[in-house]
Amino acid sequence: MIVNPQLFNYRLIIGSLVVVVVVITTISYSSYSTLIANKTFIEQESKLVENELSEMISSYELMEFENKNISFQLEKTKTRISRILDSVKNLKPNASLISRYKKQLQELKEENVRVLARLDGLESKNDMLRLDAKGAKSKEERTTSIIKSLQVENSRLSETNSNLTKEIEEAKMLNLADFKAVGVKRVTRKRIVDTRYASRAKQLHISFTLAANKFVDKGTKELYIQILDPKSNIVADKGSVKFDKHLLIYTEKVSVDYNNEDIKVSSLIKTDDNEILVRGTYFVSVYHNAVRLGDTTIELK
């Protein structure tokens, strides 16, 4: 059998080319598959980074803090996250960028953990301060309640003291008993003849007992008898006496030597020559130092 060397060489060349083409095709397909896989992986990683950044922004927007420093720091972090998120969305992702974004994301997470830990510490301190403030408020309320109770008690004591002082002053005052006043028709050696008729009355008889009182100082007591006729005019005007700002116009002045025992006082009041007793009610009062000790009336027909 005769073999043509040239044909054999063509066949060998064609076979080699086929092998090369197959190898190249296989390598290209493999590279393409790898490229597609890498692209898909990068897109997935980019999407994960984007989702995590979006969730962090959303969580920050729900947070409200009274501490201005923490709020300012979180606002800065949120701005950084927003910028990274914009870059992830707008730039064509590649392995290098994704790696950098994931590193920044990890740093943001660590920063977030530190901030929240600091926040928890501040909240704990705030809780303690609120408890202290509540305790202080309760203490203040108790103190206020005690002060009010003391004020009420002090007011009661003051009122009691005032009442006691008033009672003591009243206890030291002179008192009258058996206070009587009548119209007098005539006076004999043995008795005073009284009358109920104004036309027959020539005088007025005033009598009373100055009661015993151990709390009253002993000594001379100036008593002033005042008689008003039915028209409120002074009967038998003997002048006036002034006690501080009070002016008393009186009918008769009687001096009594008081010795802390009952003492009877009697006085005949004679009207002025030009004074005529009329029918009606006469008002009789006895004063000592501008204090009215007692009063009574005379009814003349």
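The model shown is predicted, which means the values in this text are computed figures rather than measured ones.
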Got a second to check how far [X]'s [atom1] is from [Y]'s [atom2], nearest 0.5 Å?
{"X": "Leu277", "Y": "Gln203", "atom1": "CG", "atom2": "CD", "result": "10.0 Å"}
{"X": "Ile269", "Y": "Thr251", "atom1": "CD1", "atom2": "OG1", "result": "6.5 Å"}
{"X": "Thr281", "Y": "Glu299", "atom1": "OG1", "atom2": "CD", "result": "3.0 Å"}
{"X": "Asp229", "Y": "Arg279", "atom1": "CG", "atom2": "CZ", "result": "14.5 Å"}

Original post:
Within a reach of under 6.0 Å around CG of Asp244, are more than 12 heavy atoms found that belong to other residues, nucleotides or ligands?
Top reply: no
Can you tell if the side chain of [X] reaches within under 4.5 Å of the side chain of [Y], non-hydrogen atoms only?
{"X": "Lys202", "Y": "Lys185", "answer": "no"}
{"X": "Val291", "Y": "Met173", "answer": "yes"}
{"X": "Leu248", "Y": "Ser240", "answer": "no"}
{"X": "Asn213", "Y": "Asn260", "answer": "no"}
{"X": "Val193", "Y": "Thr195", "answer": "no"}
{"X": "Ile249", "Y": "Asp237", "answer": "yes"}
{"X": "Ile234", "Y": "Ile227", "answer": "no"}
{"X": "Tyr282", "Y": "Leu228", "answer": "no"}

Once side chain to side chain contact (heavy atoms under 4.5 Å, CB included) is applied, do any residues pair with [X], and if so which ones, sequence neighbours excluded?
{"X": "Thr296", "value": "Phe179, Ala181, Val284"}
{"X": "Arg196", "value": "Lys301"}
{"X": "Asp295", "value": "Ser285, Arg292"}
{"X": "Val256", "value": "Leu210, Leu223, Val254, Ile263, Val265"}

**OP:** Output every pair passing ring pair (Phe, Tyr, Trp, His ring centres under 6.0 Å) with a member in residues 222-248, not counting sequence neighbours, ordered by first then second residue.
**Re:** Tyr224-Phe243, Tyr224-Tyr250
Subject >> Where at least one partner belongs to residues 253-276, residue pairs that pass ring pair (Phe, Tyr, Trp, His ring centres under 6.0 Å), sequence neighbours excluded >> reply: none
**OP:** Consider only side-chain N and O atoms of Glu222 and Ser255, and report whether a donor and an acceptor are under 3.5 Å apart.
**Re:** yes
Original post:
Which pair of non-hydrogen atoms, one from Gly183 and one from Leu300, has the smallest distance, and what is that distance?
Top reply: CA-CD2, 4.4 Å
Subject >> Hydrophobic cluster identity match, Ile298 and Val278, side-chain contacts under 4.5 Å >> reply: yes
Original post:
Given the rule that I, L, V, M, F, W and Y join up when any side-chain heavy atoms are under 4.5 Å apart, are Val286 and Val182 in one cluster?
Top reply: no
**OP:** Apply salt bridge (charged side-chain N to carboxylate O under 4.0 Å, His left out) to Glu261 and list each qualifying residue two or more places apart in sequence or on a separate chain.
**Re:** none
Subject >> Partners passing salt bridge (charged side-chain N to carboxylate O under 4.0 Å, His left out) against Lys270 (at least two apart in sequence or in another chain) >> reply: none
**OP:** Under 4.5 Å between side-chain heavy atoms, chaining through other members, with only Ile, Leu, Val, Met, Phe, Trp and Tyr counted: pull out the rest of the cluster around Ile192, sorted by chain and number.
**Re:** Val184, Val187, Leu268
With sequence neighbours excluded, residues passing side chain to side chain donor-acceptor pair (under 3.5 Å) with [X]:
{"X": "Thr220", "answer": "none"}
{"X": "Ser266", "answer": "His205"}
{"X": "Thr209", "answer": "none"}

Original post:
Between the main-chain N or O of Phe208 and the side-chain N or O of Asp178, is there a donor-acceptor pair closer than 3.5 Å?
Top reply: no
